[in-house]
Amino acid sequence: MGQWIRDFTEGNMLQKDLLGGKGANLAEMTSLGLPVPPGFTITTEACRAFLTEGELPDGLLEELTEAIGRLEAAMGRGLGDRDDPLLVSVRSGAKFSMPGMMETVLNIGLNDRSVEGLARTSGSDRFALDCYRRLMQMYGSTVLGMDSDGFAAELDAAKSQAGVAADVDLDSDSLRGLLSAYERLTLEHSGTVFPQDPQAQLVAAVLAVFSSWNTERARLYRRRERIPEDLGTAVNVQVMVYGNRGTSSGSGVCFTRDPATGRRGVYGDYLENAQGEDVVSGIRNTIPLTELGAIDKPSYDELIEVMANLENHYRDLCDIEFTVEEGRLWILQTRVGKRTPEAAFRLAHAMAKEGMIGADEALRRVTGAQLALVMFPRFDPDSQRSLLTTGIGASPGAAVGRIALDSATAAAWAAEGESVILLRKETTPDDLPGMVAAHGVLTSRGGKTSHAAVVARGMGRTCVCGAEALEVDLAERHVLVRGGEVQAEGQVISIDGSTGEVFAGSVPVTDSVVVRHLEGADDIGAESGGDLVEAVGFVLDHADDVRRLGVRANADTADDAARARRFGAAGIGLCRTEHMFLGERRELVERLILAEGAAEQEAALARLLPLQRADFTEILEAMDGLPVTIRLIDPPLHEFLPDQTDLAVQVALEDDRGQEDLRNHQLLEAVRRLHEQNPMLGLRGVRLGIVVPGLFAMQTRAVVEAAADRLAAGGDPRPEIMIPLVATVNELALVRSGVESVVASVLEERGVHLAVPVGTMIEVPRAAVTAGQIAEAADFFSFGTNDLTQMTWGFSRDDVEAAFFSAYLEQGVFPVSPFESLDVEGVGSLVETAMRGGREAKPDLHAGVCGEHGGDPDSIHFFDQVGLDYVSCSPFRVPVARLESGRATLAHRSSQ
Ligand code: PEP
Ligand code: MG
């Protein structure tokens, strides 16, 4: 075993850190005795050493020579030998699959002499020349950094000169001409000739693969997929086998079950007389794998057996690349296959039912993000629609947007807030920015395994591939449908990633079956996704069984509360009372602000009281028997007043016209008086409760009166009162005593008993730091991580995301917005500090989170770890939070 290189016979599937995913699986398959062409893996450690030092680590070249020597001895052929050359492939393979992001060079070892040897041993001039031109092409673009379009143009020219449509129809003479053209191109563009020394080709290819870790597109992909930057890639060097040796050869990709739906069956694409790269690039259209059964039954049967073996061995959906070389099957790669979100649920459920995995493992195999995707809307089946064409449904969902014909246009329009469908003949890794920006991706070529399909599925983008009726005309910036109807760039289309349908115009969308089920629909048949509903239910039930965290919802209307309850919320963690001061009620807030003297103020509050009471009664009814945390008013009062400029203009106009309005003058004066430069840091929350007498008292009275009404109606109300924006225990102690005396007097007036806990939000850094003191005056804590993030980072939550977060994300300051996923190191450390302080003071202090992070999968894992009792999030995210809380328990268990 060398320091930098491992033969395939030396590793196993657990060594993904060292050997990369591809290398580890090649080693595993080798040890299973599957027909894997021999080879070796240069480790990720070697790549990391190269990336740090800028040169190959000491000893690597010597080990490479020895490893090639072992391959030569095993195969009885020499690398690049003039008579019977050994040829190898050089492929990248990082720990996490990064489809199409990094480099591959095939047919290393061919040169002007060995190509003749290959022609003789293979008995085909054409084949040998075709291999050589592929090497030059891949070497040129990968190693020498040449634009692949130049090669493609020469290939097209050669085809049109020979009068053939497909590259496989080029004869030897045409290929010789093409080779000369490639040589010329290489010299012109790179200033060097194509190297004839096989060893030099090999080393240059290894270097190119290492370097490809840092290409722009690879970095972008990693940022999106949150793959660490410092992993590096392994390089797999493997004896070439050929799918392009005539019609008894071919290459394909297959899945042990359908990666789009998760259902059983034989799924894959096959391309006769082709190398693997041809299958995924979408250059020629593939045939369904089942047709291989008719072309070459023994190879097909053997493949089906290999598929079953691999699925049983990995206990998961496997994605396999294979080549048939003159009737002999070779397995080139396998990995646990990427899948659509709905397939993930069906697979987890089916494999658990089949006894292949346990329920815990089924839960580990799906994520909250996937659940969110299956809860996405779909096209309304009853809507009028005009079908343009049907392609292959490659990644489910319903996307509506304007056609953008290239990646840059898609990205530019999306940046302006447009919804965009990126429509390409086929996508390449260079299209990644457009795919990221677009709502959906549509291609006219390629199948379920094309680049577009694989990448879109990975990102959860809706994607339709291989819509062959579409002809993209980039010069005219339009698309012809079956050569007739024209769709111009910018026109709106709708694509269905499940059925592959493409519609003209905008099709209305409806809720997902999962959402319909959660909402109580019981008419969902198997055809319309009943099996998906069942699978999601199975996993959610198990998550509910294992999770420690409670899940509540942020809801401030009875409708939202009722929905949250249907979605499985065990109460309300945050009922914001702000909306209760909006709409027609604004006028009452104005009266409150303009009130002169206590009597006027009390009168204004008295008018608000019944309205608030009615709001709370409805919510308590919808959440009967479950806790409802009602937060007293948080935003500054002036937010409920008219805009200062608008009002000033109105007053000036009125004055001009001689229609002076005293009330508007007073209002304007109040707006000016209450104006704040930094309202987020101004008179809001508990501060308002302290300086505007009667406001908190009125709200508290409304809560308790509502609860008393519910008790009288035989209900089981469980209100909790929460004070926002507390920074010191003194603020809380002050308002708490006011709140408690109102609670006591209302209970006495109504002659009822009810415990009404009074707690606080922890959303100001000072509160987190002094949580031990604050806990003395609080029955519970609820972390307001929106404000806590805002105040910890000093980021205005209303401004910065649009202002500069894209630059921060692009330049890697952080991988994800701290408003979206909790900044564990910074804000998280404050949460931890507060939990420690709070629980030291009060060991049974109840604690939850009600910031947006309460519905974010990664953040939920953190909240579980630091011992919160519950998370609270928007009703729609409640199922996601239930699922992730269950997963967090499992992750926590396995790390103990
Ligand atoms: C918070 O700050 O996290 C919070 C839940 O309160 P709001 O978003 O209403 O400020
Ligand atoms: Mg807040």
Side-chain angles (χ1 to χ4, degrees), residues 551-557 560 564 569 571-582 619 627-640 676 678-689 696 699 720-727 731-732 735 759-768 771 774 778 780-801 817-824 826-828 830-831 834-835 847-856 859-860 862-863 866 868-878 881:
V551 177
R552 297 193 191 177
N554 294 353
D556 36 8
T557 64
D560 275 357
I572 291 183
L574 172 62
C575 171
R576 293 182 169 100
T577 53
E578 291 77 89
H579 85 275
M580 301 166 184
F581 292 79
L582 293 174
I619 292 172
V628 175
T629 308
I630 295 164
R631 181 181 72 184
L632 304 187
I633 189 165
D634 182 21
L637 280 183
H638 65 76
E639 280 199 8
F640 306 101
E676 292 174 314
N678 289 310
M680 273 294 180
L681 302 178
L683 181 58
R684 53 177 282 224
V686 67
R687 305 163 193 177
L688 204 52
F696 274 15
Q699 289 199 291
E720 302 179 344
I721 289 179
M722 179 155 76
I723 314 297
L725 220 76
V726 164
E731 291 169 318
L732 183 61
V735 298
T760 181
M761 299 205 49
I762 300 288
E763 53 183 344
V764 176
R766 192 183 187 284
I774 291 179
F780 61 87
F781 279 179
S782 178
F783 288 91
T785 46
N786 304 332
D787 272 308
L788 197 56
T789 300
Q790 162 165 269
M791 294 190 216
T792 304
W793 283 85
F795 281 161
S796 159
R797 60 195 260 196
D798 299 305
D799 303 310
V800 291
E801 299 203 70
S817 158
F819 286 113
E820 189 182 321
S821 191
L822 192 84
D823 152 39
V824 167
V827 181
L830 284 174
V831 173
M835 283 303 287
V849 56
C850 61
E852 282 305 297
H853 305 89
D856 169 66
S859 314
I860 290 171
F862 173 77
F863 296 132
V866 297
L868 262 60
D869 296 298
Y870 68 88
V871 295
S872 188
C873 55
S874 71
F876 205 72
R877 287 168 101 187
V878 163

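For clarity, every value in this text was computed on a predicted model and none was experimentally measured. Every number for a ligand or one of its atoms is a count from 1 in the order of the listing.
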Going by the order shown, which atoms of ligand 1 are within less than 4.0 Å of some heavy atom of [X]?
{"X": "Leu574", "answer": "5 (C)"}
{"X": "Asp634", "answer": "10 (O)"}
{"X": "Arg797", "answer": "2 (O), 7 (P), 8 (O), 10 (O)"}
{"X": "Gly784", "answer": "1 (C), 2 (O), 3 (O)"}

Tally, protein N/O/S atoms nearer to the Mg ion (ligand 2) than 2.8 Å
2
Do [X] and [Y] come close enough that some side-chain heavy atom pair is under 4.5 Å?
{"X": "Val831", "Y": "Leu788", "result": "yes"}
{"X": "Ile721", "Y": "Phe696", "result": "no"}
{"X": "Thr789", "Y": "His853", "result": "yes"}
{"X": "Arg631", "Y": "Cys575", "result": "no"}

Return the minimal non-hydrogen interatomic distance between Asn554 and Gly573, and the atom names on each side.
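For Asn554 and Gly573, the tightest heavy-atom pair comes out as OD1-C, 4.4 Å.
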Angle between ring planes, Phe781 versus Phe783, binned at 30° and 60°: parallel, tilted or perpendicular?
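Rings of Phe781 and Phe783: perpendicular, as their planes differ by over 60°.
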Can you tell me if Arg631 has a non-hydrogen atom under 4.0 Å from ligand 1?
yes
Could you tell me if any non-hydrogen atom of Met761 lies under 4.0 Å from any atom of ligand 1?
yes
Check whether Thr629 reaches the backbone of Leu574 with its side chain - one donor and one acceptor, N or O, closer than 3.5 Å.
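Such a contact is absent between Thr629 side chain and Leu574 backbone.
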Between the side chain of Arg576 and the main-chain N/O of Asp556, is any donor-acceptor distance below 3.5 Å?
no
Pick one of side chain, backbone, both or neither for how Asn786 approaches ligand 1, counting any non-hydrogen atom pair under 4.0 Å.
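The part of Asn786 near ligand 1 is both the backbone and the side chain.
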One thing to verify: whether Asp787 and Arg684 come together as a salt bridge, which I'm taking to mean a side-chain N less than 4.0 angstrom from a carboxylate O.
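So Arg684 pairs with Asp787 through a salt bridge.
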Between Glu820 and Arg797, does a salt bridge (Lys or Arg N to Asp or Glu O under 4.0 Å) hold up when you go through it step by step?
CA-CA 11 Å; Glu820 189 182 321; Arg797 60 195 260 196; over 6 Å; no
Closest approach of any protein heavy atom to atom 5 (C) of ligand 1, naming residue and atom
Cys850 O, 3.5 Å
In this structure, atom 9 (O) of ligand 1 is nearest to the protein heavy atom Arg576 NE, 2.8 Å
